[in-house]
There are 2 protein chains.
Amino acid sequence: MKNFFRCKCPITSALDIIGDKWSLVLIKQMLFEGKSTFKDFAQSPESIATNILTTRLKMLEDFGIIEKQKLPTNRKTNIYTLNQRGLSLIPVLMELTFWSKHEVIEFNPDLNLDEKLEWAEANKEEAFKQVTDNYLKHKEALLNTK
Amino acid sequence: MKNFFRCKCPITSALDIIGDKWSLVLIKQMLFEGKSTFKDFAQSPESIATNILTTRLKMLEDFGIIEKQKLPTNRKTNIYTLNQRGLSLIPVLMELTFWSKHEVIEFNPDLNLDEKLEWAEANKEEAFKQVTDNYLKHKEALLNTK
DNA sequence: ATTATTACTTTCATTTTGCAAGCAAAAATA
DNA sequence: TATTTTTGCTTGCAAAATGAAAGTAATAAT
């Protein structure tokens, strides 16, 4: 872990963990798109390569951001879910969404913007909580025999 | 610009612009560390290579996140500053800071955490505004004969 | 007039990412 | 039960991004 972090800056260090090309995309897919298996991620429109996917999932697990487990009904398929450390990235992801809505749309007019975004931006705290609760319910349902 | 964006997702598209290893670090250095020249960035503890620095600054300028200009008193030194599009990334950077304070400190105990962070986390909207105003003043001072 | 500084560029090494194919274990199907 | 399909993952190699070191031209400072 020595030399893993570029310096003592909190922002730079956060980016040293989740600032690569794929980590936040994977977390977003779990959080907002209900994805939970290797196959789910591999088949995304972002189309991540499977070797990269393997190493990213392992890294996120090593940092305690996600957890991997199997259902009693299926000894093969791994279920990847966010835990608390991952869930606490929700504000970062939502602020990125807001920024995108305002500033990225000019460069990528095809952006898929949720109609509830307006409300979420005006009620951030409530929106954060709602997304968290939503995911926790989804996760529970997922892990009690899919 | 075709094929620049991986897909139609706002989060993924935002990351396609500022999700590389250095962009948010440079923006942070301007915003919180008063850096504004090529030399400032090159001498940072993160130690970015100068060739990368050149391409990143150009990219951020092309996307309208920063602007480059010269002072009347110095025809050589370029002054890089954030404009509105860059300033609206403040919430993203601050949420990253909060996440780091709670979750990254375990992996990098040397983290340099501002003592005002506690307050900022409890008063996000006010903190965002304060950081913005601070920077705008700094920028104005910077550009009126340094 | 000389030296130092600034903002780059260039070259080449290293690291990261991407693509395609392959694989073993488990699950689904016949 | 035997065969086929699916899943999660690995391997080998190509391409792209990043990094380190040195060099350069224009400007600024001495």
Side-chain angles (χ1 to χ4, degrees), chain A residues 2-7 12 15-26 29-30 34-63 66-81 142 145-146, chain B residues 2-7 12 15-26 29-30 34-63 66-81 142 145-146:
Chain A
K2 251 304 174 259
N3 284 359
F4 176 87
F5 293 101
R6 280 174 279 186
C7 63
T12 303
L15 294 172
D16 285 334
I17 294 180
I18 46 88
D20 68 285
K21 191 172 178 179
W22 290 107
S23 292
L24 284 179
V25 169
L26 294 175
Q29 291 177 344
M30 297 189 216
K35 303 192 174 173
S36 63
T37 65
F38 191 93
K39 193 193 171 196
D40 286 341
F41 303 125
Q43 291 180 341
S44 68
E46 281 95 346
S47 47
I48 184 173
T50 58
N51 54 345
I52 310 290
L53 179 53
T54 301
T55 59
R56 279 297 149 261
L57 289 172
K58 204 160 283 167
M59 194 172 198
L60 289 173
E61 197 188 359
D62 289 345
F63 277 109
I66 66 173
E67 50 188 318
K68 172 166 84 170
Q69 53 201 305
K70 287 188 164 65
L71 295 176
T73 51
N74 188 322
R75 286 189 294 156
K76 178 141 212 220
T77 303
N78 292 317
I79 308 288
Y80 298 91
T81 53
L142 200 65
T145 58
K146 192 183 182 178
Chain B
K2 253 303 176 258
N3 284 358
F4 177 86
F5 292 102
R6 281 175 278 186
C7 63
T12 303
L15 294 171
D16 285 334
I17 294 180
I18 47 87
D20 68 286
K21 192 172 177 179
W22 291 105
S23 291
L24 284 177
V25 170
L26 293 176
Q29 292 178 344
M30 295 190 219
K35 301 192 175 174
S36 62
T37 65
F38 190 94
K39 192 191 169 195
D40 285 342
F41 303 126
Q43 291 180 340
S44 68
E46 281 94 346
S47 47
I48 185 174
T50 57
N51 53 345
I52 310 290
L53 179 54
T54 301
T55 58
R56 279 296 149 260
L57 289 173
K58 204 161 281 166
M59 193 172 200
L60 290 173
E61 197 188 357
D62 289 346
F63 277 110
I66 66 172
E67 50 187 318
K68 172 165 82 169
Q69 53 203 301
K70 288 188 165 64
L71 296 176
T73 53
N74 188 322
R75 286 189 295 158
K76 177 142 211 219
T77 303
N78 291 317
I79 307 288
Y80 298 91
T81 53
L142 200 64
T145 60
K146 192 183 184 180

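Just so we're on the same page: letters track the sequence lines, and every chain starts at 1. Scope of the values below: all heavy atoms of this structure, side chains included, with no hydrogens, waters or symmetry mates.
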TODO: Would you please say whether a donor-acceptor pair under 3.5 Å links the side chains of Thr37(A) and Asp40(A)?
DONE: yes
Open item on the list: With a 4.0 Å cutoff (strictly under), does any side-chain N or O of Lys70(B) reach OP1 or OP2 of dT27(D)?
Closed with: no
Task: Minimum side-chain heavy-atom gap Lys70(A)-Asn78(A) below 4.5 Å - done: yes
Task: Short side-chain N/O contact to dG18(C) OP1/OP2 from Trp22(A), under 4.0 Å - done: yes
Task: Nearest to side-chain heavy atoms of Ile52(A), which nucleotide of dG19(D), dG8(D), dG18(C) - done: dG18(C)
Task: Side-chain touch Leu26(A)/Leu53(A), heavy atoms, less than 4.5 angstrom - done: yes
Task: Flag side-chain contact, heavy atom, 4.5 Å: Leu60(B) against Tyr80(B) - done: no
TODO: Look at the side chain of Thr50(B) and the base of dT9(C), then say whether one donor and one acceptor between them are separated by less than 3.5 Å.
DONE: yes
Task: Residue Asn51(B), side-chain heavy atoms: nucleotide from dA7(C), dG19(D), dC9(D) that is nearest - done: dG19(D)
Task: From CG (Leu71(A)) to NZ (Lys76(A)), nearest 0.5 Å - done: 14.5 Å
For nucleotides 23-30 of chain C, which of its nitrogen or oxygen atoms have a protein nitrogen or oxygen under 3.5 Å away, and what is each distance?
unit_1  : atom_1 : unit_2   : atom_2 : d
dA25(C) : N1     : Lys76(A) : NZ     : 3.3
dA25(C) : N3     : Lys76(A) : NZ     : 2.6
dA27(C) : OP1    : Arg75(A) : N      : 2.5

Open item on the list: Check this one for me: any side-chain N or O of Tyr80(B) less than 4.0 Å away from OP1 or OP2 of dC8(C)?
Closed with: yes
